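Read the structure below first, then the notes.
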Number of protein chains: 2
Amino acid sequence: MAGKSKRQIILEAAARSFRDKGYQATSMRDLADAISLKASSLYNHIGSKQEILRDICFDNANRFLSGMDDIDGQNIGPLEKIKALIELHIQVATEDITSVTAFNDEWRHLEDPDLSAFIQLRRNYENRFKKILETGMQTGVLTPTDPTVALYTLLSSVRWLYDWYKPERKPGLDLIRQQITSLLLKGLCQ
Amino acid sequence: MAGKSKRQIILEAAARSFRDKGYQATSMRDLADAISLKASSLYNHIGSKQEILRDICFDNANRFLSGMDDIDGQNIGPLEKIKALIELHIQVATEDITSVTAFNDEWRHLEDPDLSAFIQLRRNYENRFKKILETGMQTGVLTPTDPTVALYTLLSSVRWLYDWYKPERKPGLDLIRQQITSLLLKGLCQ
DNA sequence: AAAGTACGAATGACTGTTCGTAAGAAAAAG
DNA sequence: CTTTTTCTTACGAACAGTCATTCGTACTTT
């Protein structure tokens with residue numbers, strides 16, 4: 001029933017440590033300590049520290065991209081798509097806080113060619129999002145504004161969710177989701 | 001006319017490097033190279049690497065706090081205060097991009113007691129902001145929502161400005177300021 | 001017998017910082 | 001205007017420590 005491979009355990013401990021201290025400040029000895037191993041033993045399960053970061057970053061990138069595939073493929077209006085995308089971000093950010101942190105803050109410590117590949121993925125995602133916004137403005141369902149400004153204001157506001165969201169705190173997840181989407185959609189429309 | 005002390009030059013180079021690579025990944029030798037010095041020479045002008053970070057973080061914290069003092073002290077309604085605060089964030093984030101980056105991302109590498117002091121300053125700022133939001137909701141000028149959710153959504157959306165704002169790019173600063181404040185205020189009201 | 005895993009020791013590279021020293025600028029004294 | 005003293009700055013060498021990673025070896029599970 002345990003079923004978690006040691007590799008997975010390492011990845012999760014790494015994500016947690018990257019969140020708390022950052023990639024550079026996390027030593028392989030710290031990481032090994034956290035799961036009661038010695039640093040040299042880690043290398044029986046992973047190839048390098050950089051490989052850990054790469055796995056975390058691209059795993060999370062794919063969660064966003066496959067979410068985008070789902071939503072953008074549906075036959076619904078741009079407003080519904082944007083609402084679904086905002087909820088996707090809230091969903092991903094709250095269901096696996098540690099990974100998303102690493103994904104948000106630590107990707108810049110990737111080394112080329114991974115760094116370039118990651119930036120490329122990100123850009124693609126943003127462009128698809130922006131296109132949906134533009135469609136919404138053309139069909140009149142959104143207030144015409146600069147789509148870049150709208151896009152980044154949107155993305156930024158959900159990007160830091162992991163930073164202040166505490167699962168045990170008062171405003172429950174449902175309330176948060178409802179109020180954030182409401183605030184942003186009201187801001188975009190009319 | 002030059003007038004820039006070497007200390008200031010070091011601080012600015014450090015802010016730039018912290019933005020590009022992070023505090024931990026910036027070595028004193030990197031930093032010295034960037035301004036054509038040797039690492040040991042830096043210590044004629046600064047006390048330690050940690051002191052550089054402290055200066056950058058608290059300098060920027062004070063810019064926000066004194067802005068808050070100005071705005072909160074004026075005899076205007078909560079809506080006008082919020083508008084002014086959003087514009088303050090946009091102003092600070094765009095006029096000194098590098099410092100704000102360090103301020104946003106690198107403060108967690110402060111060591112105690114500075115770390116605690118910084119967190120305290122930040123919390124005070126957020127509480128004052130939250131109180132303005134609550135006043136606005138009580139007087140009916142803002143839609144009643146959870147003030148914490150509203151606060152962080154607001155702060156987050158301007159927090160990442162430095163990340164995508166490019167002074168030379170198409171949407172000019174005036175347009176950006178106008179559209180962001182419009183989007184957020186529309187989202188909060190009614 | 002074979003494969004997978006954990007460990008200690010060692011590697012070379014890099015870290016922030018200190019120190020003695022030498023060169024230069026500024027200030028003081030002649 | 002000189003000469004001498006003081007202050008500031010830059011540098012190379014060295015420090016003790018940490019870093020990711022490798023390797024040979026032993027233990028455990030197939």
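Below, all heavy atoms of this structure are taken into account, side chains as well, without hydrogens, waters or symmetry copies. Naming: A, B, ... by sequence-line order, numbering from 1 per chain. This one's a predicted model, so the numbers in the text were calculated from it and none came from an experiment.
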Which of these nucleotides, dT17(C), dT21(D), dA10(D), is closest to any side-chain atom of Ala39(B)?
-> dT17(C)
Where the side chain of Arg29(A) is defined as all heavy atoms beyond and including C-beta, which of dC11(D), dA6(C), dC19(D) is the nearest nucleotide?
-> dC19(D)
Ile46(B) CD1 - dT17(C) C1' separation (whole Å) = 10 Å
Could you give the OH-to-C1' distance, from Tyr43(B) to dA14(D), as a whole number of Å?
-> 14 Å
Rounded distance (Å) that lies between atom C1' of dC27(D) and atom CG of Asn44(A) = 13 Å
Across the strands shown, which category fits Ser36(A) at heavy-atom distances under 4.0 angstrom: base, sugar-phosphate, nothing?
-> nothing
Electrostatic pair Asp30(B)-Lys21(B), nearest N-O below 4.0 angstrom | yes
Using atom CG of Leu42(A) as one end and atom P of dT22(D) as the other, report the distance to the nearest whole Å.
-> 12 Å
Let me know the distance between CG of Leu53(A) and P of dA20(D), rounded to the nearest Å.
-> 13 Å
Asp30(B) CG to dC14(C) C1': how many Å, rounded?
-> 10 Å
Side chain of His45(B): nearest nucleotide among dA6(C), dA10(D), dA9(C)?
-> dA10(D)
Lys38(A) side chain N/O closer than 4.0 Å to the phosphate oxygens (OP1, OP2) of dA6(C)?
-> no
Co-membership, hydrophobic cluster, residues Ile35(B) and Ile56(B), 4.5 Å side-chain | yes
Whole Å only: how far is the CD1 atom of Ile10(B) from the P atom of dT17(C)?
-> 13 Å
Of Lys4(A), Arg19(A), Lys6(A), which meets salt bridge (Lys or Arg N to Asp or Glu O under 4.0 Å) against Glu12(A)?
-> Lys4(A)
Decide whether a cation-pi geometry holds between Lys130(A) and Tyr125(A); the criteria are a distance under 6.0 Å from NZ or CZ to the six-membered ring centre and an angle within 45° of the ring axis.
-> no
Quick one: is dC14(C) close enough that its OP1 or OP2 comes under 4.0 Å of any side-chain N or O from Ser27(B)?
-> no
Whole-Å gap separating P (dG16(C)) and CG (Leu31(B)) = 9 Å
Side chain of Ser40(B) only, please: which of dA13(D), dA10(D), dA20(D) is the nearest?
-> dA13(D)
Lys49(B) charged N/C atom sitting above Tyr43(B) aromatic ring, 6.0 Å / 45° | no
side-chain N/O Ser41(B) vs dT9(D) OP1/OP2, d < 4.0 Å | no
